[in-house]
Amino acid sequence: MATRMIQPAKSIQGTIVVPGDKSISHRALILSSIADGDSVIFGLSRAADINSTLHCLEGVGIQIDKQPDQTIVHGKGKFGYRVPTDILNCGNSGTTMRLMAGVLAAQSFDAVLDGDESLRRRPMRRIIDPLEQMGVTIESRDYKAPLKIRGASGHLRTIDYATGIASAQVKSCIILAGLYASGITRVTERSPSRDHTERMLLEFGVEAQFSMGGAGVRGPAELRPCTLDIPQDISAAAFFLVAALLLQESKVEFTNIGINPSRVGILDALAAMGANVHKSDVTELNSEPRAHLTAGYRKLKATTLAGSLIPKIIDELPILAVAATQTEGVTTIRDAEELRIKECDRLKAMCSNLKKMGADIRETKDGCVIKGPTPLKGTVIDSHGDHRIAMSFAVAGLIAEGETVIQDSECVEVSFPGFFEILEQSVQR
Ligand code: S3P
């Protein structure tokens, strides 16, 4: 178990390069694998979660050439996967498991998806129920991984599915399975979740329909290979944006950051807190908008984070909670019970660790209440092996008094290899 010591910093400066967007990277690999021919991907994330998807695809016989500046996926068409000789290990990655389940559901063989201890604890009924309605049989251990997917050999039924949760993983799983069914498969959501699958399908020549309330696809659909350029990950940039906002005399810049409207909740939340994140050079490539972002120190004010904003900031809530401890007033986070079933119970991990650092924070059933500003003090942080908790508390350590020790720090590799090195290179003491 690795630990990292974080010392307080005066400021953070520079142009920060963060990994390729994790959500888009998963989809780029999976959609390329079922396209008819070679697809070329630029900017693929090298994070462990993406390697999990890559290894699962190799496990079903897809050849993937990883070159320093591009990745070539030799797609074999929708039914080109080979029978796996082993379980398909999704590691820590919920996106890998839930999206792969959608494609495996239609194959003419059985496959077992498994993962690490954290992934084995996460709920899978949310994909098992709709896939079963589409005609697939899935064996599980009380709706948890390992999942044995009994491929339906292309005989999938379309569904019109209303999900009670805003989850892009669930929506994408159903849409991917819908590529194999005859007719329109639709998913409607209570609040809109990220729409990268729908946008990317357009690049592969599939007319996916999407709106703020859900998504639909007409099957059976064939995918034609394409070239994709993946923007940098706004969820990874979020840690440095918040560090710059909290440390005086800071200025950070990012280029080619994905600003898909379903992902920029962090910018809306920070704007509501009075932040000055500046967006320029907005372009769109492969149906995904991107921009240049700059941010610097700002005195922040408290706000309420709730409702339909939550799915748009679901991965950024831990770092937003760190920011909230430094704002004037009471920040309330509500409607965020999904955080309890992420890589760890993130609400509990955020609240217990921030409390230990001296923050005035109270955990609620679906969020927390944070009174600020309070000075933070360095302490030992239990990351619970969760990458976003480890990175959030590394940023908290920069503004704390004394040393902060992040336990299980190697978990940052899940989404951001080299995170601590980039942080160290960018801060001034
Ligand atoms: C993701 C969707 C979100 C997010 C996760 C990545 C995706 O999960 O938290 O990090 O790539 O589709 P849910 O769909 O479960 O909300």
Side-chain angles (χ1 to χ4, degrees), residues 19-31 44-45 47-50 52-53 56 90-103 115 118-119 121-130 144-145 161 163-176 187 189-201 210 214-215 230-231 233-239 258 260 262-266 288 308-320 335-347 349-350 366 386-389 391-392 411-412 414-416:
D21 188 280
K22 184 159 81 69
S23 289
I24 301 178
S25 294
H26 284 296
R27 288 153 174 85
L29 287 172
I30 294 173
L31 292 183
L44 187 80
S45 162
D49 266 12
I50 300 309
S52 294
T53 291
C56 285
C90 304
N92 190 245
S93 174
T95 310
T96 304
M97 183 166 285
R98 296 188 176 119
L99 269 57
M100 284 301 298
V103 179
S118 150
L119 189 51
R121 281 195 299 267
R122 298 181 65 186
M124 292 298 151
R125 185 163 188 167
R126 50 185 60 200
I127 57 156
I128 294 175
D129 281 349
K144 305 241 165 70
Y161 196 76
T163 66
I165 35 171
S167 164
Q169 295 180 2
V170 172
K171 178 177 60 176
S172 301
C173 170
I174 299 168
I175 292 295
L176 289 172
V187 184
E189 307 183 277
R190 265 209 319 220
S191 295
S193 65
R194 62 193 69 186
D195 59 6
H196 302 300
T197 305
E198 301 88 299
R199 286 173 184 257
M200 195 180 286
L201 277 169
F210 53 103
I230 298 180
D233 198 327
I234 194 165
S235 300
F239 301 105
N260 177 314
S262 62
R263 292 286 298 284
V264 290
I266 175 76
E288 288 286 356
S308 59
L309 177 62
I310 295 295
K312 297 197 185 85
I313 51 173
I314 194 70
D315 292 338
E316 288 73 63
L317 281 163
I319 188 64
L320 283 167
D335 307 318
E337 52 275 269
E338 276 287 307
L339 281 182
R340 296 207 181 275
I341 47 170
K342 291 289 174 190
E343 285 82 330
C344 75
D345 178 343
R346 282 190 179 154
L347 273 179
M350 279 153 56
D366 63 347
D386 182 324
H387 54 130
R388 297 201 200 276
I389 296 296
M391 292 188 278
S392 298
C411 62
V412 302
V414 159
S415 66
F416 199 155

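Counting starts at 1 for both ligands and their atoms, following the listed order.
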Nitrogen or oxygen of [X] less than 3.5 angstrom from that of ligand 1:
X: Arg27; answer: yes
X: Asp315; answer: yes
X: Arg388; answer: no
X: Ser167; answer: yes

Which atoms of ligand 1 have any heavy atom of [X] under 4.0 Å away?
X: Ile314; answer: 9 (O)
X: Lys342; answer: 3 (C), 4 (C), 8 (O), 9 (O), 13 (P), 15 (O), 16 (O)
X: Ser23; answer: 1 (C), 6 (C), 7 (C), 11 (O)
X: Ala168; answer: 12 (O), 14 (O)

Next item on the list: Answer yes or no: are there more than 12 heavy-atom neighbours, outside Arg340 itself, under 6.0 Å from its atom CZ?
Entry: yes

Check: Are Arg194 and Asp21 ion-paired here, with the side-chain N under 4.0 Å from a carboxylate O?
Finding: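 Between Asp21 and Arg194 there is no salt bridge, as every charged N stays at least 4.0 Å from the carboxylate O atoms.
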
Next item on the list: With Glu338 as reference, evaluate Arg126, Arg346, Arg190 under the salt bridge (Lys or Arg N to Asp or Glu O under 4.0 Å) test and give the passing residue.
Entry: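 One option only clears the test, and that one is Arg126.
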
Next item on the list: Decide whether the shortest distance between a heavy atom of Arg194 and an atom of ligand 1 is less than 4.0 Å.
Entry: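 Per 4.0 Å heavy-atom rule, Arg194 contacts ligand 1.
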
Margin query: Working to the nearest 0.5 angstrom, can you tell me the gap between Glu198 CD and Ser262 OG?
Written below: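 OG of Ser262 is found 8.0 Å from CD of Glu198.
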
Check: Looking only at protein heavy atoms, which one is nearest to atom 1 (C) of ligand 1, and how far off is it?
Finding: Gln169 NE2, 3.6 Å

